[in-house]
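Worksheet: the structure to be examined is printed underneath.
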Number of protein chains: 2
Amino acid sequence: MTQLLDERDFEILFAIAECETASNEEVHEATGIPKSTVHYRIQSMRENGVIKNDLFELDREGIGLKITVISEVWAEFEEGYHETVGRKLSDIEGVNQVYFTMGDTDFIVISRLTSRDMVERLVSEYESIDEIRRTSSKFAISVIKENVDIGILRDYDEETLHSGLGLTE
Amino acid sequence: MTQLLDERDFEILFAIAECETASNEEVHEATGIPKSTVHYRIQSMRENGVIKNDLFELDREGIGLKITVISEVWAEFEEGYHETVGRKLSDIEGVNQVYFTMGDTDFIVISRLTSRDMVERLVSEYESIDEIRRTSSKFAISVIKENVDIGILRDYDEETLHSGLGLTE
DNA sequence: ATTGAAACTTGATCGTT
DNA sequence: AACGATCAAGTTTCAAT
């Protein structure tokens with residue numbers, strides 16, 4: 001099996017994420033890769049499914065993030081701990097979503113990882129945070145739905161959003 | 001307080017989500033709204049923060065989705081239930097992410113909702129699914145981090161992704 | 001705030017290497 | 001596959017409403 005992506009593809013993807021634009025021009029300026037090559041590469045990534053639409057939904061498997069781990073985290077109560085602990089959790093490599101909830105769990109953390117090694121690293125990062133009392137992790141066997149960014153709108157009736165905002169015709 | 005968005009803004013956002021492109025041209029064709037007006041509206045939504053970057057990360061609060069609910073769902077074991085039940089969960093309005101896990105929980109479901117009404121609706125939708133045994137829901141008091149789509153790349157060292165894909169220099 | 005038309009920038013194509 | 005030059009196509013601006 002041949003590699004889907006090489007270093008150069010990543011350089012382009014990182015530049016897009018960094019600049020927050022997919023303009024050939026800007027990617028060219030950020031990377032030094034000629035405009036036409038940037039264009040060619042992005043087109044190739046579209047064709048092989050790594051980039052899924054014009055708004056750059058990425059195929060996580062395609063970029064090597066095959067493991068999804070969902071963790072529950074319990075922490076010591078302190079003033080403002082949802083911010084301080086939340087920030088520490090956010091900073092761990094591979095951590096993608098952090099939700100602060102109240103009740104029997106304090107945080108829910110979703111991570112995308114490349115390997116078992118990273119899972120071990122994740123756990124030891126949790127353990128190195130002083131305020132954390134206990135964690136519990138689950139592997140997602142399959143990701144059935146993820147609608148993110150602008151795609152989220154497909155989850156709703158226009159009606160629902162209108163009434164949510166108090167819009168009237 | 002004046003409304004951030006009106007019907008027309010939504011029409012444009014929905015068209016973008018539907019067409020999977022933000023081209024003035026295509027949005028114009030899909031909606032009949034003149035190109036220059038589409039341009040003007042998108043620019044305005046950028047300025048007031050509803051659209052956060054060129055790759056169309058949306059401000060969920062801005063479009064009225066103020067409530068995040070995270071649910072754990074337990075279901076009867078059946079052949080292929082992760083698909084059948086997972087699909088039913090995915091189809092509920094406002095459901096945004098569905099993860100199938102094994103062990104003490106079967107599914108983790110993340111929803112974005114506009115109102116308490118929608119929360120009640122969510123729960124009754126859960127209850128109407130035959131295979132579901134039990135559910136448990138938490139409200140996210142705050143969403144501390146969400147890196148989605150192409151932004152996910154910012155969570156990683158380039159190194160990590162390279163080694164995850166088995167790339168070598 | 002909206003729009004049609006003009007001006008301009010950029011993405012896409014093509015031919016070489 | 002990479003790339004510089006070219007051109008069609010789309011974005012952005014502008015002036016009028």
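Source: prediction; values computed, not measured. Computed from heavy atoms alone, side chains included, the values below leave out hydrogens, waters and symmetry copies. Order of the sequence lines fixes the chain letters, A, B, ..., with proteins taken first and strands second; residue numbering starts at 1 for each chain.
- Considering only residues two or more places apart in sequence or on other chains, E25(A) meets the side chain to side chain donor-acceptor pair (under 3.5 Å) condition with K35(A).
- Close to dA12(C), at under 4.0 Å from its OP1 or OP2, lies a side-chain N or O of H39(A).
- Candidate nucleotides dG11(C), dT13(D), dT11(D) were compared by shortest atom distance to the side chain of S23(B), and dT11(D) ranks first.
- Rounded to a whole Å, the CD atom of E25(B) is 8 Å from the C1' atom of dA9(D).
- Side-chain contact between L58(A) and L65(A): absent, with no pair of heavy atoms (C-beta onward) separated by less than 4.5 Å.
- Between E83(A) and F100(A) there is no side-chain heavy-atom pair separated by less than 4.5 Å.
- Distance CZ (R41(A)) to C1' (dC3(D)): 12 Å, rounded to an integer number of Å.
- Defined by atom type and a distance below 3.5 Å, a donor-acceptor pair is missing between the side-chain atoms of T31(A) and E11(A).
- Regarding D54(B), its CG atom lies at a distance of 18 Å from the P atom of dG10(D), rounded to whole Å.
- Distance check, rounded to the nearest 0.5 Å: OH of Y81(A) to NZ of K88(A) gives 14.0 Å.
- Of the residues in residues 27-38 of chain A, those placing a heavy atom less than 4.0 Å from an atom of DNA chain D are P34(A), S36(A), T37(A), in numerical order.
- For dC3(D), neither phosphate oxygen OP1 nor OP2 lies less than 4.0 angstrom from any side-chain nitrogen or oxygen of Y40(A).
- The side chain to side chain contact (heavy atoms under 4.5 Å, CB included) test with Q97(A) singles out one residue from N147(B), I110(B), I144(B), and that residue is I110(B).
- When rounded to the nearest whole Å, the span between CG of N24(A) and C1' of dG10(D) equals 13 Å.
- For an aromatic pair to be called close, the ring centres must be under 6.0 Å apart, and F56(A) with F56(B) fails this.
- Rounded to whole angstrom, the span from the CZ atom of R46(A) across to the C1' atom of dA12(C) amounts to 12 Å.
- Between R8(A) and the phosphate of dC3(D), there is a side-chain N or O to OP1/OP2 separation shorter than 4.0 Å.
- In this structure, CD of E26(B) is placed 16 Å from P of dG11(C), rounded to the nearest angstrom.
- Nucleic acid contact class of S44(B) (heavy atoms, under 4.0 Å, all strands): none.
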